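All remarks here apply to the structure that follows.
Remember, it's 1-based here, ligands and their atoms both numbered in the order they're listed. Keep in mind that what you see is a predicted model, and the values were worked out from it rather than measured.
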Amino acid sequence: MGQLRVGMVGYAFMGAAHSQAWRTVNHAFDLPLSAQLSVVSGRSEAGVAEAAAKLGWAEHTTDWRSLIARDDIDLIDICTPGDSHAEIALAALAAGKHVLCEKPLANSVAEAREMAAAAEQAKINGVRAMCAFNYRRVPAVALMRQLIAAGRIGTIRHVRAVYLQDWIVDPQFPLVWRLQKDKAGSGALGDIGAHIVDLTQFVTGQRISSVSALTETFVKERPLPAESSGLAAASNGGGTGPVTVDDAALFLARLDGGAVATYEATRFATGRKNGLRVEINGSLGSLAFDFERMNELEFYDAQLPTAEQGFSVIQVTEPDHPYMSAWWPPGHGIGYEHSFTHEMRDLIEAIATGQDPTPSFTDALGVQLVLDAVERSAESSSWVEVEPSTVAMA
Ligand code: SOE
């Protein structure tokens with residue numbers, strides 16, 4: 001069996017989730033390539049050395065550029081804050097490395113467009129690139145897409161999506177990188193709103209074509225994190241700094257297949273820790289997914305005799321449900337981390353068979369265009385059209 005030698009940049013939450021997936025994928029799925037956790041890269045020597053030992057990486061470095069220069073690395077996995085996605089991905093693609101990049105693809109449309117063009121160019125040499133929208137690979141979400149594509153709920157009328165967290169409700173929570181625009185690009189909108197934008201476009205097969213939005217930053221100043229350096233200079237005295245991103249983003253949308261939609265992404269839904277919920281209403285029924293019950297999918301079949309109609313709960317744990325044949329007998333659920341393992345399975349399969357993995361960087365540029373339209377709509381308090389995601393070859 002061939003090897004897929006991985007170099008990962010970044011080792012925090014997403015780095016840990018990706019490491020688990022790279023460690024597990026070849027034990028769960030029969031694949032033509034075996035993922036090797038070759039090198040992990042991070043800024044702190046002590047931190048990345050500890051991460052390498054804990055997460056199972058053979059080597060570690062503090063210089064991601066040296067990683068890209070190595071001829072014994074096949075794929076670069078980008079798990080860093082958004083302000084470095086473009087630089088790393090462009091360098092990796094130019095060096096002929098496959099790329100997996102965490103979401104959102106970039107901190108701006110301009111960067112995302114450059115990355116998508118570079119990925120299109122790299123394809124000519126068989127180099128593959130994918131953006132890590134992991135929730136597409138939750139079996140219940142993949143089943144939702146299959147049922148919609150099969151016409152089981154008819155014509156889509158409504159899309160209703162929320163992604164609710166509450167980890168910064170405390171005003172004393174420090175000004176971490178996710179709350180700084182220059183590092184994260186945006187707040188709840190890009191971090192968790194990007195997921196429901198991608199997920200709803202994925203399951204419906206429709207593209208968001210226009211939006212009307214509002215954003216809010218509830219807590220505008222926060223204590224500087226203990227390790228902050230440089231930010232202190234930007235603060236207005238004492239140990240606080242400005243929050244430069246949204247805490248919440250809400251928007252109406254029209255989709256190009258005729259559906260209408262509502263989206264809510266917030267980090268202030270007190271009590272909701274990772275509350276991703278999507279409901280799709282069609283002319284012949286409805287489907288509803290709730291990440292807090294991620295092994296289930298609710299299905300209302302309006303084609304049944306009226307007396308038998310009602311929301312049924314599908315246990316998405318049968319072997320013929322997406323990805324589930326790799327795991328346990330029916331009724332034994334899986335978790336958040338499995339969506340990353342499925343992501344690596346699909347990426348490895350695509351690389352080994354010379355296919356383009358999805359979501360591509362062009363797909364992810366499409367999400368970036370929606371995020372940008374939401375921000376412009378919120379600023380102008382008006383409806384904003386979303387430009388279709390097309391890429392001119394570099
Ligand atoms: C936000 O805290 C976050 O970590 C997102 O960045 C991830 O994409 C999501 O899967 C979990 O929440």
Side-chain angles (χ1 to χ4, degrees), residues 8-21 51 55 77-85 100-107 112 130-142 161-170 173-181 183-202 215 217-219 222 225 243 245-249 263-278 289-295 334-344 347 359 363-364 367-368 370-371:
M8 184 174 76
V9 187
Y11 54 85
F13 178 4
M14 287 300 112
H18 285 216
S19 300
Q20 182 283 139
L55 300 176
D77 182 5
I78 304 172
C79 294
T80 58
D83 62 336
S84 56
H85 288 187
L100 174 63
C101 184
E102 259 299 324
K103 42 51 63 184
L105 186 64
N107 281 0
M130 183 165 102
C131 189
F133 282 106
N134 62 296
Y135 290 112
R136 289 176 168 223
R137 271 108 181 170
V138 172
V141 171
V162 300
Y163 199 154
L164 312 174
Q165 293 183 344
D166 71 353
W167 55 281
I168 56 169
V169 163
D170 179 354
F173 189 93
L175 195 68
V176 296
W177 70 263
R178 278 191 165 90
L179 307 181
Q180 301 167 38
K181 185 171 183 63
K183 294 194 173 51
S186 62
L189 176 61
D191 186 22
I192 51 180
H195 274 302
I196 50 180
V197 167
D198 176 70
L199 191 157
T200 52
Q201 294 189 135
F202 171 66
T215 58
T217 303
F218 297 109
V219 175
R222 287 186 179 269
V243 174
V245 297
D246 58 280
D247 289 332
Y263 291 85
E264 182 182 1
T266 181
R267 292 165 166 163
F268 276 74
T270 309
R272 293 296 177 194
K273 303 307 172 183
N274 200 48
L276 190 169
R277 295 201 292 266
V278 174
F289 170 73
D290 182 340
F291 175 74
E292 292 178 351
R293 291 194 304 281
M294 68 173 284
N295 292 284
I334 60 171
Y336 171 71
E337 72 279 13
H338 292 78
S339 68
F340 292 90
T341 306
H342 301 161
E343 191 166 74
M344 300 333 176
L347 178 54
D363 297 328
V367 174
Q368 211 76 43
V370 172
L371 304 180

Quiz item: How many angstroms lie between atom CZ of Arg136 and atom CG of Asp363, to the nearest 0.5 angstrom?
Solution: 5.5 Å
Quiz item: If you measure from atom 5 (C) of ligand 1 to every heavy atom of Asp191, Asn274, Val176, which option wins on shortest distance?
Solution: Asp191
Quiz prompt | For atom 9 (C) of ligand 1, the protein heavy atom that lies nearest, with its residue and separation | solution = Tyr163 OH, 3.4 Å
Self-check item: Proximal candidate to atom 12 (O) of ligand 1 [heavy atom criterion; set Lys103, Met14, Gln165, Glu102]
Solution: Gln165
Quiz item: salt bridge (charged side-chain N to carboxylate O under 4.0 Å, His left out) with Arg267: which of Asp247, Asp170, Asp191?
Solution: Asp191
Practice problem: Just need the protein heavy atom nearest to atom 8 (O) of ligand 1, so name the residue and atom and give the distance. | Solution: His195 NE2, 2.7 Å
Self-check item: Shortest protein heavy-atom distance from atom 4 (O) of ligand 1, along with the residue and atom involved
Solution: Phe13 CE2, 3.2 Å
Practice problem: Calculate, to the nearest 0.5 Å, the distance between atoms CD and NE2 belonging to Glu337 and His342 respectively. | Solution: 9.5 Å
Practice problem: For Arg178 and ligand 1, answer yes if some heavy atom of the residue is under 4.0 Å from a ligand atom, otherwise no. | Solution: yes
Quiz item: What residues, two or more places apart in sequence or in another chain, satisfy ring pair (Phe, Tyr, Trp, His ring centres under 6.0 Å) together with Phe202?
Solution: none
Quiz item: So which protein heavy atom does atom 10 (O) of ligand 1 come closest to, and at what separation?
Solution: Tyr336 OH, 2.8 Å
Exercise. Please identify which atoms of ligand 1 are closer than 4.0 Å to at least one heavy atom of Tyr135.
Key: 9 (C), 10 (O)
Quiz item: Roughly how far, to the nearest 0.5 Å, is the CG atom of Asn134 from the CE atom of Met14?
Solution: 6.5 Å
Self-check item: Audit row: Leu105, His85, side chain to side chain contact (heavy atoms under 4.5 Å, CB included) steps and yes/no
Solution: CA-CA 7 Å; Leu105 186 64; His85 288 187; 5.7 Å; no
